[in-house]
2 protein chains.
Amino acid sequence: MEERVFTFNPGPAALPLPVLKRVQEEMLNCRGTGMSILEMSHRSKEFESILNDAVARIKRILKLGEEFDVVFTQSGASLQFTMVPMNFAQDGKPLGYVDTGYWASKAIKEAKNLGKDVRVLASSADKEYTYIPKNFAIDPGLSYLHITSNNTIRGTQWPSFPNVEGVPLVADMSSDIFSRVFDPKPFGCIYAGAQKNAGPAGVTIVIIRKDMLERIPQSLPTMLKYSTFVESNSLYNTPPCFAIYVVDLVMEWLEETIGGLAKMEEINRKKAQILYGYIDSQDFYRNPVRPEDRSKMNVIFRLPSEELENQFVQEAKKAGLVGLKGHRAVGGCRASLYNAVTIEAVETLVDFMKDFARKNG
Amino acid sequence: MEERVFTFNPGPAALPLPVLKRVQEEMLNCRGTGMSILEMSHRSKEFESILNDAVARIKRILKLGEEFDVVFTQSGASLQFTMVPMNFAQDGKPLGYVDTGYWASKAIKEAKNLGKDVRVLASSADKEYTYIPKNFAIDPGLSYLHITSNNTIRGTQWPSFPNVEGVPLVADMSSDIFSRVFDPKPFGCIYAGAQKNAGPAGVTIVIIRKDMLERIPQSLPTMLKYSTFVESNSLYNTPPCFAIYVVDLVMEWLEETIGGLAKMEEINRKKAQILYGYIDSQDFYRNPVRPEDRSKMNVIFRLPSEELENQFVQEAKKAGLVGLKGHRAVGGCRASLYNAVTIEAVETLVDFMKDFARKNG
């Protein structure tokens with residue numbers, strides 16, 4: 001294919017075209033250094049200024065106060081499933097988790113595997129994870145309460161966050177960070193693999209409220225302690241420099257081209273409305289999620305048969321609409337509408353869906 | 001600067017110009033997919049073929065037999081310092097380490113921190129790590145013997161590997177993998193951050209002999225178990241796709257442009273000879289390392305004073321020779337001559353050194 005396609009990948013996902021063009025332009029000579037970002041020392045002042053700019057932009061965009069640190073780790077949310085309980089579990093205080101499906105379940109499994117006292121306070125397993133549990137009891141004696149803010153596979157999203165009354169919230173926001181405005185104050189820790197809304201795969205953004213640092217056991221391995229990253233400004237060892245550089249460019253795009261998080265949220269709401277609006281207007285495609293808990297990032301839909309679903313994914317790909325297959329764990333179709341997916345892309349998808357339904361309905 | 005400079009960075013380091021040009025060309029549309037490598041799903045057949053090609057090339061280049069697996073992890077050698085003892089320590093069998101300086105010392109510290117029975121069998125601390133210990137006793141009852149094949153900061157390199165008689169060798173080869181031919185058979189595990197000879201920062205290459213997999217405790221966290229990476233072909237979660245893609249391109253360059261590892265070694269020997277040959281021919285610059293243990297990757301040199309060293313680094317940078325400052329832990333100057341550093345770059349450096357010595361000697 002010579003032209004660029006519309007990418008609805010669940011992550012790694014679409015990136016803003018101006019960011020990709022900038023990466024391309026600077027590839028042989030990054031900002032007058034005479035070398036590629038790939039060749040630049042992580043100890044150079046040029047790289048440090050890129051890293052610091054990324055941190056400053058993330059803090060501005062999310063309105064993080066002085067009480068928060070932002071660091072860059074590696075190995076994705078999957079390693080955070082282990083690091084969070086290792087670092088933040090307090091003696092005699094159980095860990096609270098909410099099970100909203102695949103990734104939330106994995107976080108629970110890793111915490112249990114460490115031998116921690118894990119309490120699953122609520123779960124939507126009873127209805128195949130098609131909703132977000134609400135109004136469950138939260139014991140004030142918990143070390144923390146862990147949630148998964150958006151569930152990529154089941155297409156659900158917390159419409160607002162639980163009231164935790166002094167228990168720090170910990171959230172895996174991999175798939176909806178930077179997509180909407182929220183109040184960071186109740187959060188003790190937020191982590192997110194960059195590869196959906198923030199950049200390429202290979203870097204994980206971790207936001208830590210400073211009071212949480214006091215909990216970290218000194219005996220942990222150096223690379224598994226959040227304090228190592230905080231104290232060194234993410235430069236204890238060589239960080240994933242290129243991924244951080246792209247995150248910085250994406251944050252610049254979000255602030256300066258889009259105009260900030262409120263504007264981004266508005267665009268995301270519009271995109272979701274276009275797609276859910278169409279799905280709700282007909283009978284060929286159906287979305288199984290409770291309407292108030294529908295994800296604005298990952299729209300899942302089923303067709304009348306698996307055969308039609310396969311045909312849909314194939315024909316869409318030929319038409320330049322890529323990444324519409326549902327997760328292998330649940331099947332069906334899914335369109336991921338992350339920040340870099342344009343309104344034009346969503347409109348093109350809906351046109352294709354209409355056409356497909358007419359021919360096959 | 002509009003032109004590209006000569007980069008002697010210790011890592012992240014120079015990359016082959018044809019590789020950078022290829023990355024640039026493919027940035028908006030990677031191999032006809034209509035999307036950037038940064039947007040490509042790690043579950044797509046296009047990405048899987050890139051990953052498999054990288055593995056196949058690494059196996060061919062290093063002549064790894066069927067008994068070896070190659071996986072991609074994250075967080076650099078620093079996380080391997082913890083993962084190696086977690087995965088490969090056997091009950092009742094001590095861990096053997098050789099202390100050849102900074103990174104070797106860190107590996108020892110992390111193993112001890114896990115509460116393991118660590119035996120430092122030899123150390124060159126007595127002479128400021130200016131040589132590689134040899135002819136030390138190796139207890140056949142060790143779980144493994146850990147060495148650091150090349151010491152970037154002290155400028156030493158194992159000229160050949162110890163005879164371990166049944167004890168698996170484990171090596172941190174971050175800074176000299178793919179620089180010379182060696183026999184992989186005695187190695188139970190080899191790990192290497194990619195950012196010197198193999199690609200950009202953000203991916204770690206780990207080579208594991210299959211018999212080592214039997215040692216891995218089932219109770220380890222999923223992301224800290226080598227078996228997770230082996231069983232999933234490095235695709236348990238989202239890998240650092242872009243870094244793996246660049247590693248594949250660098251391996252392709254090594255095989256197809258350079259002509260393989262023996263050719264690469266010959267070029268590296270020539271580069272080291274040019275620089276050490278000049279240093280040994282005069283008195284202004286001096287290298288403190290025992291000649292037989294000198295690194296062909298990292299050539300350290302001192303000038304008559306720290307003031308002159310600072311002046312040297314500054315003026316070299318202005319002349320387009322970048323990255324010549326010694327590590328902050330030891331001071332002095334250092335030229336890293338990794339695979340992508342050309343003979344032309346080394347000759348230009350020697351010309352500059354001659355000129356600087358004449359003006360300041």
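Each chain gets a letter, A, B and so on, in the order the sequences are listed, and its residues count up from 1. Atom set for the values below is all heavy atoms of this structure, side chains included, hydrogens, waters and symmetry mates excluded.
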Let's test your reading of the structure: which of [options] forms the most heavy-atom pairs below 4.5 Å with chain B?
options                           : answer
L15(A), N9(A), L28(A)             : L28(A)
G323(A), A340(A), A13(A), S44(A)  : A13(A)
P221(A), P239(A), P200(A)         : P221(A)
T222(A), L220(A), I244(A)         : T222(A)
T82(A), V23(A), N113(A)           : N113(A)
P240(A), A201(A), G202(A), S75(A) : S75(A)

Min side-chain heavy-atom separation M223(A)-E110(B) under 4.5 Å: no
Let me know if [X] has heavy atoms under 4.5 Å from chain B in its side chain, its backbone, both or neither.
X      : answer
E26(A) : neither
M40(A) : backbone
L38(A) : both

[X] versus chain A, heavy atoms under 4.5 Å apart: side chain, backbone, both or neither?
X       : answer
R31(B)  : neither
A14(B)  : both
K325(B) : neither

What distance separates [X] [atom1] from [Y] [atom2], expressed to the nearest 0.5 Å?
X       : Y      : atom1 : atom2 : answer
T7(B)   : E39(A) : OG1   : CD    : 5.0 Å
L20(B)  : M35(A) : CG    : CE    : 11.5 Å
L224(B) : S78(A) : CG    : OG    : 11.0 Å

Run N237(B) and L79(A) through side-chain contact (heavy atoms from CB on, under 4.5 Å) and show every step you take. CA-CA 10 Å; N237(B) 71 341; L79(A) 184 60; over 6 Å; no
Taking atom types as modelled, find out whether T238(B) and Q195(A) have a side-chain donor-acceptor pair closer than 3.5 angstrom. yes
Highest number of heavy-atom pairs under 4.5 Å with chain A among K109(B), R328(B), E25(B), M86(B) belongs to R328(B)
Check against side-chain contact (heavy atoms from CB on, under 4.5 Å), M27(B) and K21(A): CA-CA 8 Å; M27(B) 184 50 66; K21(A) 285 185 172 165; over 6 Å; no
